[in-house]
Amino acid sequence: MGSYRIVENARLDARNTFGVRATAPMLVEVADATALPELFGYAMLRDGPVLVLGGGSNLLFAGDPRGTVLALGGQQVRIVEDDGGRAIVRADAGVEWHALVLWTLGQGLAGLENLALIPGTVGAAPIQNIGAYGVEVREHIHVVEAFDRTLGQVVRLRSTDCAFAYRDSVFKRDPDRYVVTAVEFALQRDAALRLEYAGLHDELLAMGMDAASLGDVRASQIAEAVCRIRRRKLPDPAVLGNAGSFFKNPIVPVAQAEGLQAAHPSLPAFHGSDETTRKLSAAWLIDACGWKGFREGDAGVAASHALVLVNHGQASGAQLLDLAHRIAASVHERFGVALEPEPRIIGAAW
Ligand SMILES: Cc1cc2nc3c(=O)[nH]c(=O)nc-3n(C[C@H](O)[C@H](O)[C@H](O)COP(=O)(O)OP(=O)(O)OC[C@H]3O[C@@H](n4cnc5c(N)ncnc54)[C@H](O)[C@@H]3O)c2cc1C
């Protein structure tokens, strides 16, 4: 049986990267996921609302969470299969994401380098199928292990069972069903590295590589380039509260994208999930509405990045949510495009 600790009226201010005030009526810190079947035997967890909280870097407490907040502490990382070329790495949900990326690179395993320095935990990585610099984590997920509250047991979902899509998965669509306990990643010792994302190439050159040696670039050098770009572009939540990109890039029909691009030739549009859609740059749309660097009280938009909402100090989650609504309304009014938040909103509806 695994161990756990219960804290009543637990403050969550330091457990969310926006740094907003929130209190959980009951916080259960689970050291070992084998405790979950027993814990979900209690009526309060079995029948009541449960919020699984990782590093709090992709949610906004617009109010206090109801019911129980569950934090998983498992910290194990190990290789469970290895044929010399391909290895399966298993990491507990509580492991810090960036620490896992560095661990795999240290083992000579490539695949996660473009996802370096994303805040948060391993358990949250499949929830929105984290992505950055041309790679999504689904490309390397082998199995997601989770406690299934509907079945009352631990299940192993293969990547193809997770309905992964852009910043989306079965876990995000049905947040009350699964508690992710561990993730297994399929990684390669000799993988083709991904350099196509704009900026990565230039950063490697700025690090002293010459164009001729880019063909021999190592995964750890890509991770370093990604970290350098991210440190320059994104505000550090330890200094300025934020949850990374607040809005998803909207996916619209091709005809709408073409119409908007005809009127606004500088609007970036990328391929959508299929040939009938295009993904527009939410940052461009928000910037065009004049929000970059906006501040009202302590709620604002980062000066360096129009997609990032920031807490300059004492903003409440409700104030940040109100600002997000106003931004989305202005983009809709000007461009007819609906923006959707990327973080999960707790304690209020979007
Ligand atoms: C500066 C900054 C940069 C960022 N850059 C990126 C980026 O490049 N790409 C990107 O995709 N994201 C990015 N993010 C968002 C965030 O880091 C990721 O979404 C991350 O995976 C969230 O991890 P977390 O542990 O903090 O999750 P939390 O914020 O704690 O939780 C997020 C969601 O996942 C659920 N959840 C968490 N753990 C579990 C679990 N074990 N089982 C079931 N559900 C769970 C929660 O209930 C919630 O719905 C960024 C955030 C910040 C602050």
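Ligands are counted one by one from 1 in listed order, and the atoms in each one are counted from 1 as well.
- At the top of the distance list for atom 28 (P) of ligand 1, counting protein heavy atoms only, stands Gly56 N, 3.6 Å.
- Nearest non-hydrogen protein atom to atom 4 (C) of ligand 1 is Arg230 NH2, 3.4 Å.
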(message) If you apply the rule side chain to side chain contact (heavy atoms under 4.5 Å, CB included), what do you find for Val179 with Phe40, and how did you get there?
(response) CA-CA 11 Å; Val179 180; Phe40 278 97; 4.0 Å; yes

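- The backbone of Tyr178, and not its side chain, has at least one atom closer than 4.0 Å to an atom of ligand 1 (non-hydrogen atoms only; backbone = N, CA, C, O).
- Of the residues listed (Lys248, Arg173, Arg138), the one engaging Asp168 in a salt bridge (Lys or Arg N to Asp or Glu O under 4.0 Å) is Arg173, and it is the only one.
- When the shell of 6.0 Å around NE2 of His201 is examined, it contains 12 or fewer heavy atoms from other residues, nucleotides or ligands.
- Scanning the protein for heavy atoms near atom 41 (N) of ligand 1, the closest one is Val180 O, 3.0 Å.
- For Arg189 (side chain) and Gln107 (main-chain N/O), a donor-acceptor pair under 3.5 Å exists by modelled atom type.
- For the pair Gly55 and ligand 1, the shortest N or O to N or O distance falls below 3.5 Å.
- Ligand-side atoms of ligand 1 in range of Ala132: 8 (O), range being under 4.0 angstrom from any heavy atom.
- Remark: Arg228 engages Glu203, Ala206, Met207, Glu224 in a side chain to side chain contact (heavy atoms under 4.5 Å, CB included) (not counting sequence neighbours).
- Enclosure of atom CZ in Arg177 by more than 12 non-hydrogen atoms of other residues, nucleotides or ligands within 6.0 angstrom is indicated.
- With a 4.0 Å heavy-atom cut-off, ligand 1 is reached by the backbone of Ala243 but not by any atom from C-beta on.
- Counting only heavy atoms of the protein, atom 18 (C) of ligand 1 lies nearest to Ile130 CG2, 3.8 Å.
- The residue from Val183, Leu59, Val137 that puts a heavy atom closest to atom 31 (O) of ligand 1 is Leu59.
- Scanning the protein heavy atoms around atom 50 (C) of ligand 1, the nearest turns out to be Pro119 CD, 3.8 Å.
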(request) Please step through side chain to side chain contact (heavy atoms under 4.5 Å, CB included) for the pair Val144 and Tyr178, ending with a clear verdict. (result) CA-CA 10 Å; Val144 177; Tyr178 297 103; over 6 Å; no

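- Distances below 4.0 Å separate heavy atoms of Thr121 from the following atoms of ligand 1: 23 (O), 24 (P), 25 (O).
- Under 4.0 angstrom from ligand 1, the non-hydrogen atoms of Gln128 all belong to its side chain.
- Protein heavy atom closest to atom 14 (N) of ligand 1, with residue, atom name and distance, is Ile118 CG2, 4.2 Å.
- Ligand 1 does not have Arg15 within reach: every non-hydrogen atom of the residue lies 4.0 Å or more from it.
- A donor-acceptor pair under 3.5 Å is absent between the side-chain atoms of Asn249 and the main chain of Lys279, judged by distance alone.
- Salt bridge present: Glu184 and Arg90 bring a charged side-chain N and a carboxylate O closer than 4.0 Å.
- Comparing Thr17, Val52, Val50 by heavy-atom distance to atom 39 (C) of ligand 1, the nearest is Val52.
- For ligand 1, the atoms sitting less than 4.0 Å from at least one non-hydrogen atom of Asn58 are 15 (C), 16 (C), 19 (O), 22 (C), 29 (O), 32 (C), numbered in the order shown with element in parentheses.
- For atom 52 (C) of ligand 1, the choice among Ala182, Ala124, Gly244, Gly54 with the nearest heavy atom turns out to be Gly244.
- Short contacts between ligand 1 and Gly131, defined as distances under 4.0 Å to a heavy atom of the residue, involve ligand atoms 7 (C), 8 (O), 9 (N), 10 (C), 11 (O).
- More than 12 heavy atoms of other residues, nucleotides or ligands sit less than 6.0 Å from atom CD of Glu196.
- Within 6.0 Å of OH in Tyr197 there are 12 or fewer heavy atoms belonging to other residues, nucleotides or ligands.
- Relative orientation of the Trp350 and Phe246 rings is tilted, given thresholds of 30° and 60° on the angle between their planes.
- The distance criterion of under 3.5 Å between nitrogen or oxygen atoms is not met by Pro237 with respect to ligand 1.
- Listed by first and then second residue, the ring-ring contact (aromatic ring centres under 6.0 Å, His included) pairs that reach into residues 84-105 are Trp97-Phe185, sequence neighbours excluded.
- With hydrogens left out, the protein atom closest to atom 33 (C) of ligand 1 is Ile127 CG2, 4.2 Å, a heavy atom.
- Near Gly120, the atoms of ligand 1 lying under 4.0 angstrom from a non-hydrogen atom of the residue are 23 (O), 24 (P), 25 (O), 26 (O).
- For atom 16 (C) of ligand 1, the nearest protein heavy atom (residue, atom name, distance) is Ser57 OG, 3.3 Å.
- With salt bridges taken as basic N to acidic carboxylate O contacts below 4.0 Å, one links Arg194 and Glu139.
- Taking every heavy atom of Leu51 and a limit of under 4.0 angstrom, the matching atoms of ligand 1 come to 47 (O).
- When heavy-atom distances to ligand 1 are checked against a 4.0 Å cut-off, Asn242 comes that close through both its backbone and its side chain.
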